[in-house]
Every structure is written in structure tokens, then in C-alpha cells.
Amino acid sequence: MTPAILLTFLLGYFALLIGVAYFTSRNSSDNASFFIANRNSKWYLVAFGMIGTALSGVTFISVPGAVGNNSFGYFQFILGNAVGFVIVATVLLPLYYRMNLISIYTYLEKRLGHYSYKTGAVIFLISRTIGSAFRLYLVAIVLQRFIFDAWNVPFWLTIVLCLLLIWLYTHKGGLKTIIITDTLQTVFLLLSVVLSIIFISKSLHLDVAGTFEAVKTSSYSTIFFWEDFMGSKSHFIKQFVGGIFVTIAMTGLDQDLMQKNLSMKTIGEAQKNMFTFTLVFVIMNIFFLSVGALLYLYAAKNGISVAALQTPDHLYPEIALNHLNIVPGIIFMMGLTAATFATTDSALTALTTSFCVDFLHFDKKTDQQDPKLVTQRHLVHIGFSVLMVIVILIFKVINNDSVVNSIFTAAGYTYGPLLGLFSFGLLTKRAVHDKLVPYLCLASPVLCYIINSNSMHWFGYTMSFELIVLNGLITFILLWLTGKPSVSQTKF
């Protein structure tokens with residue numbers, strides 16, 4: 001697999017996306033089109049395209065790589081995700097539609113107050129910027145190693161080129177364009193996973209039945225883990241409960257994925273979208289786990305040392321690009337690129353929307369086609385693209401996987417306060433001391449970090465994904481303790 005072939009594919013892929021963007025945005029480039037696609041999206045396109053957004057490039061290489069240590073235990077978390085998606089569809093989406101929201105954080109202003117609203121929006125901006133930058137960084141390392149190093153292209157230029165190409169096909173049409181491009185990218189993602197299974201199976205001389213049996217009887221097929229509840233992160237209850245609340249917080253309380261749901265005409269279509277998306281999401285992760293099992297079987301048969309790799313995440317690209325023929329290599333790069341850029345383009349659009357609505361108050365402007373507003377939106381979009389470059393280059397300077405993973409984990413801490421804020425608003429009628437809310441939302445992750453760092457020593461308990469539940473609970477308690485006895489509020 002030569003760098004020239006991979007680069008040719010990459011450029012052709014972006015040319016296709018830019019072509020799609022041209023046709024979807026040539027007749028509409030106003031803010032209503034950019035933010036919510038004029039509330040005219042087809043639910044089945046959104047449901048399909050959301051798969052590409054939800055499954056990042058990190059998922060694409062990390063889920064298969066993690067099978068070596070955790071078998072199919074990740075599927076416990078996916079089952080929790082499925083329950084979380086149902087709760088989002090039946091509880092949060094009706095709320096957002098009743099209030100006719102563009103930014104979901106507007107709810108916090110109407111229910112809790114101005115500072116609560118701004119706090120929620122800032123939490124999203126920080127979390128999504130760090131998370132999306134981290135995802136793009138990890139994949140850019142693969143692109144750099146297998147493509148751009150051959151021409152001595154510096155890493156910073158690789159990042160700038162990637163974000164420039166993403167900006168080119170999203171800056172005009174926004175969400176209206178992304179719904180189509182993400183659908184296209186999900187097709188590539190699905191094809192890459194299915195075809196990867198086919199090519200690896202053929203390399204192992206397995207037919208369909210033989211592939212199923214090989215995965216089923218391998219040492220990697222264990223799904224449920226019930227041992228050592230206190231000390232193991234893989235216990236079913238921790239994974240399942242964590243999966244539920246991570247989904248509620250990082251999907252239902254995240255402008256990125258909710259923005260697509262709010263682009264449909266009715267709540268019924270939005271709910272059909274979520275239910276369909278949930279089914280496809282679960283099936284897709286089964287495929288990813290199966291790819292992982294097959295990769296480890298292939299490595300064992302062909303004497304590939306996983307221990308020699310810098311991280312298990314490199315197993316998939318190592319086999320696809322260095323040990324199989326040219327077609328599987330291109331298929332892998334196609335899936336990795338599709339997963340990564342579907343996540344990044346969606347994030348940039350959501351960040352732009354949140355800032356324009358939550359801080360520049362575009363939703364209060366009467367003329368969404370005002371050239372000045374459109375220009376402001378373009379500048380915000382450029383600003384977040386530049387910020388993404390800066391954050392990625394900071395990761396590169398750190399140049400330490402363990403530190404970078406810690407930063408990404410820390411970003412997950414910020415969703416806990418969002419969970420606490422929305423839960424407090426929905427489950428109680430108490431008011432908050434609004435000016436205290438930013439400080440409470442800072443205190444909660446700090447307390448969680450202290451507890452998480454000492455939980456084994458203090459309680460003999462190892463925390464996993466349920467940390468977000470504790471984070472949200474602490475926020476909820478702090479809001480309650482500092483709140484006021486009752487509040488007269490509009491029924492939401």
C-alpha cells in the first residue's frame with residue numbers, strides 16, 4: 001500500500017464530499033438552513049447519518065483493539081447505550097420539541113436562569129472541542145504515518161489541510177449539507193466494516209458459517225462479566241448503568257447529536273429516527289467487536305506480535321495496511337476517514353450553532369438571511385476550526401498517549417454537571433441561586449476526581465463509566481442544598 005494510492009483516494013473522497021456540499025447548499029445558505037436544515041430533514045436520512053457521527057475514528061480502531069483485553073465486554077456498555085437512547089427519545093426529545101428549541105441549552109435559561117444557561121453552553125463548547133480534537137488527532141497520526149510522512153509534510157500542515165477540507169464542505173450549507181454527507185459517509189463506514197470481515201475471513205480461509213463459529217468459539221467472545229463487582233471495571237452493572245447515563249448526557253444533552261433530531265418536522269419523526277438509529281448502532285458495534293476477534297485470530301495465525309505495537313489500537317491499521325492486499329487497505333482507510341470526518345464536520349457545525357445561538361443570540365434575530373449574520377456565522381465557524389487546530393497541536397506537543405487519554409477522560413467529567421443541571425430542572429420544582437451555578441458545576445468534577453482517585457483506597461471500589469452518574473448526582477445535591485424552596489415555573 002503506497003502513500004500515493006492512499007492520498008489519491010483521500011483527495012477523491014473529499015472531492016465527492018465537496019460536490020455534495022455544492023448541490024445541497026447552492027439554493028440555501030441562510031442561518032435557518034445551517035442550524036436546523038429548515039426543519040425539513042428526512043428522519044431516515046438523519047437516523048442513518050447519525051451512525052457515522054456517533055462512531056468516531058477512535059471507535060473504528062479502538063473497539064476492535066480492545067477485544068484482546070476485554071473480549072466482547074464492551075457490548076454490556078452498548079446495551080446500556082440502547083436504553084439511554086430510548087430515554088432520550090421518550091423524555092428529552094418531547095421537551096425540546098414542545099419548547100421549539102434551536103440550542104437545547106436554552107431550556108436551562110427558561111427553567112433555571114441566565115448563568116445556568118451559559119454554564120451549560122460553555123460545558124458543551126469545552127467538552128465537544130476537546131473530544132472532537134482528540135478524535136481527529138488520533139486518526140491524523142495514522143494519516144501522517146501512512147501517507148504524509150512519505151513527503152515530509154509536517155504534522156501541523158496535515159491537521160490544517162484536514163480541517164480546511166472539512167470547512168470547505170460545511171461552511172455554507174451547515175446541517176443541511178451534513179445530513180447528506182454523513183449519510184454518504186455512513187455508507188462507506190458500513191461497507192468498510194462488512195468488507196473488512198469478509199477479507200480477514202478469506203485470509204483465514206473461513207466461509208460465513210466458519211467465521212461465525214470461529215468468533216463464537218474464540219476466547220474473545222465472552223460478553224457478560226459478573227465477577228468482582230468492587231474491583232473490576234468490566235462488571236455488567238457498572239458497564240450497563242454507565243452506558244445508560246453516558247448516553248443520556250453525551251447524546252441527549254449534547255447539541256451535536258440533538259441538533260440533527262431538531263431538524264425534523266415533528267416529534268414523531270424525531271423519535272422514529274432515534275429508535276432506528278439505536279437498532280443500527282447496536283448491530284454496528286457487534287460488527288466492530290467481530291472485526292476485533294478476527295484481527296486477533298489473524299495476528300495469532302500469522303505471528304504478528306500485538307505486544308510489539310505501541311497500543312492495541314494500532315492492530316487494525318497494522319494488519320489492514322501492511323499485511324493484507326491493496327483493496328482491504330483502501331477499505332480500511334475509507335472507513336477510518338468516513339468515521340472521523342463525519343464526527344468532526346458535525347461537531348464544528350454544532351459548536352458554531354451553540355455559540356451563535358447561546359452567546360450571539362441569533363435565535364432572537366428576525367432576519368436569518370441578513371448578510372451580516374451570515375458573515376458572523378462564517379467567522380465563528382472559522383474560529384472553531386482554528387481552535388481545533390490549536391488543541392490538536394497541543395496534544396501533539398504533549399506527545400504522550402497516557403496524558404492525552406487523561407485529557408480526553410477529563411472532558412467526559414464535564415458532562416456530569418450537564419446531567420445534574422437537566423435532572424434538577426426536570427425532576428424538581430426548586431429554584432437555584434443562579435450566580436452560584438457555575439461554581440457548583442466546577443466543584444462537582446473536582447470532587448469526582450478526588451473520589452475516583454481514592455475510591456479503591458477508601459472503599460475498595462474501582463469506578464468505571466458510572467463516574468458520570470456520581471458527577472451528576474453531586475451536581476444535583478449541590479443545586480438542591482443551595483437552592484430555594486420552590487419556584488413558579490411554566491410547565492415544560
Review point. Is a side-chain donor-acceptor pair under 3.5 Å present for Tyr413 with Ser127?
Key: no
One pair to check against side chain to side chain donor-acceptor pair (under 3.5 Å): Thr266 and Tyr97. What are the steps and the verdict? CA-CA 8 Å; Thr266 66; Tyr97 267 83; over 6 Å; no
- Query: Any side-chain heavy atom of Cys162 within less than 4.5 Å of one from Leu143?
  - Reply: yes
**Message:** With a 4.5 Å cut-off on side-chain heavy atoms, are Met284 and Val280 touching?
**Reply:** yes
Hey, are Lys118 and Asp358 close enough for a salt bridge, meaning a charged N less than 4.0 Å from a carboxylate O? no
Here the gap from Leu419 atom CG to Thr475 atom OG1, rounded to the nearest 0.5 Å, amounts to 8.0 Å
dist Leu351:CG -> Met388:CE (nearest 0.5 Å) comes out at 6.0 Å
d(Leu440 CG, Phe476 CZ) to nearest 0.5 Å is 13.0 Å
Can Ser201 and Thr211 be counted as having a side-chain donor-acceptor contact under 3.5 angstrom?
yes
Would you say the side-chain atoms of Asp254 and Tyr415 include a donor-acceptor pair closer than 3.5 Å? yes
Step by step, work out the side-chain contact (heavy atoms from CB on, under 4.5 Å) result for Ser103 and Thr353.
-> CA-CA 7 Å; Ser103 167; Thr353 299; 5.6 Å; no
Heavy-atom distance under 4.5 Å between the side chains of Phe124 and Ile104, does that happen here?
no
With sequence neighbours left out, the residues meeting ring pair (Phe, Tyr, Trp, His ring centres under 6.0 Å) with Tyr461 are Phe229
Open item on the list: Contact between Cys448 and Met463 at the side-chain level, heavy atoms closer than 4.5 Å - yes or no?
Closed with: no
Is there side-chain contact between Pro64 and Leu315, with heavy atoms separated by less than 4.5 Å? no
| request: Could you check whether the rings of Phe422 and Tyr107 sit parallel, tilted or perpendicular, using 30° and 60° as the cut-offs? | output: parallel
When rounded to the nearest 0.5 Å, the distance separating NE2 of His235 from CD of Glu227 is 7.5 Å
**CA sep, side-chain torsions, deciding dist, call: Ser232, Phe225, side-chain contact (heavy atoms from CB on, under 4.5 Å)** = CA-CA 9 Å; Ser232 173; Phe225 293 84; 5.8 Å; no
- Message: Checking side-chain polar atoms at under 3.5 Å, does Tyr117 have a donor or acceptor matched by the opposite partner on Asp434?
- Response: no
Q. Under a 4.5 Å cut-off applied to non-hydrogen side-chain atoms, are Leu294 and Phe199 in contact?
A. no
Value for NE2 (His114) from OG1 (Thr119), rounded to nearest 0.5 Å, stands at 9.0 Å
If you look only at distance, which donor and acceptor atoms sit under 3.5 Å apart when one is on a side chain in residues 79-93 and the other is two or more places apart or in another chain?
residue	atom	partner	partner atom	Å
Asn81	ND2	Phe77	O	3.4
Asn81	ND2	Gly243	O	3.0
Asn81	ND2	Thr247	OG1	2.8
Thr90	OG1	Val86	O	2.8

> Quick one: are Met258 and Thr251 in side-chain contact, heavy atoms under 4.5 Å?
Replying inline: yes
Residues passing the ring pair (Phe, Tyr, Trp, His ring centres under 6.0 Å) test with Tyr220, sequence neighbours excluded, are Tyr296
Here the gap from Leu447 atom CG to Ile474 atom CD1, rounded to the nearest 0.5 Å, amounts to 5.0 Å
